[in-house]
A.B. asks: 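Can you read through this structure? Questions will come right after.
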Protein chains: 2
Amino acid sequence: MAGLREDKKRRTRQAIGDVAMRLFAERGFEAVTVNEIAEAAGVAKVTLFKYFPSKESLVLHAVEEDLAGVVIARPPGRSPLRALREYLLAFAAAPIGEADELIARMKVIVDSPALTAAVNRLQYGSRRALARALLPGGRPLMPCETGEGSSAPREAGDETPPRSDAAGDGTSPRSDAAPGAAGHHPQPARAPGADPAALAAELAAAQISAAVLTLQETFFQRVAAGMPPAEAGRLLRGDVDLAFDLLENGLAWLGEKGTT
Amino acid sequence: MAGLREDKKRRTRQAIGDVAMRLFAERGFEAVTVNEIAEAAGVAKVTLFKYFPSKESLVLHAVEEDLAGVVIARPPGRSPLRALREYLLAFAAAPIGEADELIARMKVIVDSPALTAAVNRLQYGSRRALARALLPGGRPLMPCETGEGSSAPREAGDETPPRSDAAGDGTSPRSDAAPGAAGHHPQPARAPGADPAALAAELAAAQISAAVLTLQETFFQRVAAGMPPAEAGRLLRGDVDLAFDLLENGLAWLGEKGTT
DNA sequence: TTTGCTTCTGAACCCGGTTCATTTATTGTG
DNA sequence: CACAATAAATGAACCGGGTTCAGAAGCAAA
C-alpha cells in the first residue's frame, strides 16, 4: 500500500518537469529540445514521453480551466454566468502561491507562439464541454426559482484554484486514427440538425470561453511582464466584471462613442 | 511580360493542391504524407514546400476570414456588428461555386483534428486584427464628447489597410526565433497597461470571432455531412441572425427557461 | 533465490520541415 | 543564335518531436 514505487514515479515526474521548466526559462521553449531535457533529467527520451504526452504538456500540465465543471456544480438558483463570474472573481482574489515559479511559467508561455496556440487548443476543448453544460441537456439545468438577489456570499477562502482537470493534462500529441472510415473526433461533432437551442448553447459557450481566454491572456501578460501577481489579481477583478457585463448585456454599444 | 514562367508556376501550384486534395479525400489528412503528395504530383518535397508553407496550408490556403477588413471597410454610419452581420448574411446567400470540391474540402477539415485546430489558429490571428479594427484606431477612442452619431473621421478606405495577414495563407510552419533575448510575437502583445477600452475591444473581438467561428463550424459540418450547400446556406442565414442577436443583446437570458 | 511484473533504456524508425550545393530551365541581351 | 545571368527544381543530408520494439534492470511476492 505504501506505494514505494508510486512515490518514485511521482518524484521522477516532478524532476522532469522541474528541469524542463528551468531550461525553458533560461533559453525559451523552442530552443530546448526534448533530448536535452531528458538528458538533463537523467532519463531516456522515451521515458520522458511516458510521463508527459508532449513537449507542450511539460509547461501546460497545470494550466487548465474547467468552466463546464463550474457551471455544472453551481448552487441551485444561480445562473451559469453568475457562477462563472464568481468563480473568476474568486480566482482573482485568491493569493497565488509560489509566485516565482508561476511567473516563470507564464513568461515561457507568453513568449512562445507554439504554447499560446496550445493554450488556445485547450480552450477549444473545454468550450465543447461548456456548451453541453449550458444545454438544459441531461438533467435539471435551471430551477428557475431565481434565488434572492445577491445574498449567498460565497464561502470565502474555499479553494478552487483551477484544480479540476478531468483527464490529466491535455495537449496530447498523436490523434492519429483510422483513415478510411468515419470521423473520429473527441466529441461526436454535434449533429448538424437545426436545433436553435443547441446552437444557442454552442454560441454562448463560444463567447464565454473566448472572453475567459482573453482575461486569462491579459492576466498572463501582465504577470509575465513583471507585475506582481497580487496587483495583477486586483486588475483582473475589474476586468472580470467588465467582461461579464459585456457578456450579459451585449455589444450593442459598439460603434457608439462614449463607452466608459 | 507574358510570364510564361509565372504561368507554369501557377499550374504547378494548382496541380500540387489538386493531387493533395484528392489524396486527402481518399484517405484522410493524417494518413497521407507530404512525400506521397510530392511524388504523386511529380515534384520534390522541397518544391512542394516552396509552394505551400505547410501540409495544413494545402487544405486551408483558401479558408480565411478577414473580419477586420469587413469592419474597416464598412460604410459610414454602420455599426461594426451590423456590418459583420450583413457580411455573413451575404455569404450565406451567395451561391457557392464548385460545390463538390468544397464539400470534399470541408469533409477533410472536419474529419481531421489537426486541421480543425489549425482553423482555430487562423481564427486566433484574425481576432487580434479585429480587436484593432474595433478600436477607433490610434486616435481618439472615446473622447467622451460623443460626436453626433456617425459622422466621425474614418476616410473610407484610405491608407492603413492594416493588411491583416502578412504572408499569403497563414499556417506558416516555423515561428522559430532567437531564444535568449526579448519576445518575438507576431503581434507585439498589447501592453499590459489597464486600458479598459482596449480590453473591451479585445473582449468584443474575442466574442465576435468565437461566434463567427462557431457559425463557420456549423456550416462546415452540415455541408460535410452531405447537406446541399444551398440548403446549408439557408440555415446559415437563420443562424447568423441568432448569433448576432446574442452578441448584441447579451447572454442574460441564460438560466431562464423559454429560450427561443 | 526464483518467479513475475513493471519500468526503463537504447537504438532504430517515421514524419513534417529545412538547408545546401548542384543541376536544369527560362530569360534577356549582344 | 549563342551566351551569360537569373530563377527554379532537385536530391540528399539533416533536425526535432514522437513512436516502436526488444531487451535490460528494478522491485515484489513466493
Side-chain angles (χ1 to χ4, degrees), chain A residues 1-13 15-16 20 23-24 27-60 112-115 117-118 121 169-177 179, chain B residues 1-16 20 23-24 27-60 112-115 117-118 121 167 169-177 179:
Chain A
M1 244 164 230
L4 187 154
R5 217 136 146 175
E6 296 297 314
D7 201 48
K8 186 162 202 166
K9 272 169 74 174
R10 245 196 39 253
R11 270 186 295 116
T12 302
R13 188 184 150 97
I16 295 175
L23 292 176
F24 290 155
R27 294 157 38 199
F29 182 74
E30 4 268 341
V32 180
T33 74
V34 292
N35 276 310
E36 287 176 297
I37 299 170
E39 190 181 0
V43 300
K45 183 170 67 154
V46 75
T47 304
L48 185 155
F49 279 114
K50 196 155 22 182
Y51 282 96
F52 296 90
S54 71
K55 190 188 181 189
E56 285 155 10
S57 71
L58 285 163
V59 183
L60 301 181
S112 156
L115 284 177
R121 219 165 33 242
D169 34 35
T171 68
S172 46
R174 269 281 186 274
S175 343
D176 215 340
Chain B
M1 242 158 220
L4 186 156
R5 213 136 143 179
E6 295 299 312
D7 201 48
K8 187 164 204 165
K9 271 169 76 175
R10 245 195 39 254
R11 269 186 295 117
T12 302
R13 188 183 151 97
Q14 183 75 26
I16 295 175
L23 292 176
F24 290 155
R27 293 158 39 199
F29 182 74
E30 3 268 342
V32 180
T33 73
V34 293
N35 275 309
E36 287 176 298
I37 299 169
E39 190 180 1
V43 300
K45 182 171 67 155
V46 72
T47 304
L48 185 155
F49 279 113
K50 195 155 21 184
Y51 282 96
F52 296 89
S54 71
K55 190 188 181 190
E56 286 156 9
S57 71
L58 285 163
V59 183
L60 301 181
S112 157
L115 284 177
R121 218 162 38 241
D169 38 32
T171 70
S172 48
R174 268 281 187 273
S175 345
D176 216 338

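Everything numeric in this text was worked out from a predicted model, so none of it was measured.
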A.B. asks: Is it the case that the base of dG18(D) and the side chain of Lys55(A) share a donor-acceptor contact (distance under 3.5 Å, atom types as modelled)?
C.D. replies: no

A.B. asks: At a cut-off of 3.5 Å, list every protein nitrogen or oxygen paired with a nitrogen or oxygen from nucleotides 6-9 of chain D, distance to 0.1 Å.
C.D. replies:
{"from": "dA7(D)", "atom 1": "O4'", "to": "Arg5(B)", "atom 2": "NH2", "distance (Å)": "2.5"}
{"from": "dA8(D)", "atom 1": "OP1", "to": "Lys9(B)", "atom 2": "NZ", "distance (Å)": "2.8"}
{"from": "dA9(D)", "atom 1": "OP1", "to": "Tyr51(B)", "atom 2": "OH", "distance (Å)": "2.8"}

A.B. asks: Which residues pass the salt bridge (Lys or Arg N to Asp or Glu O under 4.0 Å) test with Glu36(A), sequence neighbours left out?
C.D. replies: Arg27(A)

A.B. asks: Could you give the CD-to-C1' distance, from Glu39(B) to dT10(D), as a whole number of Å?
C.D. replies: 14 Å

A.B. asks: Could you walk me through whether Leu58(B) and Phe29(B) pass the side chain to side chain contact (heavy atoms under 4.5 Å, CB included) test, one step at a time?
C.D. replies: CA-CA 10 Å; Leu58(B) 285 163; Phe29(B) 182 74; 5.8 Å; no

A.B. asks: Could you list the donor-acceptor pairs under 3.5 angstrom formed by side chains in residues 38-50 of chain B, with sequence neighbours left out?
C.D. replies:
none

A.B. asks: Working to the nearest 0.5 Å, report the span between CD of Glu6(B) and CZ of Arg10(B).
C.D. replies: 9.5 Å

A.B. asks: Which whole-number value in Å describes the distance from Asp7(B) CG to dT27(C) P?
C.D. replies: 10 Å

A.B. asks: Using whole Å, report how far CD1 of Ile37(B) lies from P of dG17(C).
C.D. replies: 10 Å

A.B. asks: Mind checking the CD1-CZ spacing from Ile16(A) to Phe52(A)? Nearest 0.5 Å is all I need.
C.D. replies: 6.0 Å

A.B. asks: Could you check how far CZ of Phe49(B) sits from P of dC20(C), rounded to whole Å?
C.D. replies: 17 Å

A.B. asks: Could you state the CG-C1' distance from Asn35(B) to dT10(D), rounded to the nearest angstrom?
C.D. replies: 14 Å

A.B. asks: Can you name the nearest heavy-atom pair linking Ser112(A) to Glu30(A), along with the distance?
C.D. replies: OG-OE2, 2.8 Å

A.B. asks: Just how far, in rounded Å, is P of dT18(C) from CD of Glu30(A)?
C.D. replies: 14 Å

A.B. asks: What integer distance in Å separates Glu56(B):CD from dC15(C):P?
C.D. replies: 17 Å

A.B. asks: Is a donor-acceptor contact shorter than 3.5 angstrom present between the side chain of Lys45(B) and the base of dG17(C)?
C.D. replies: yes

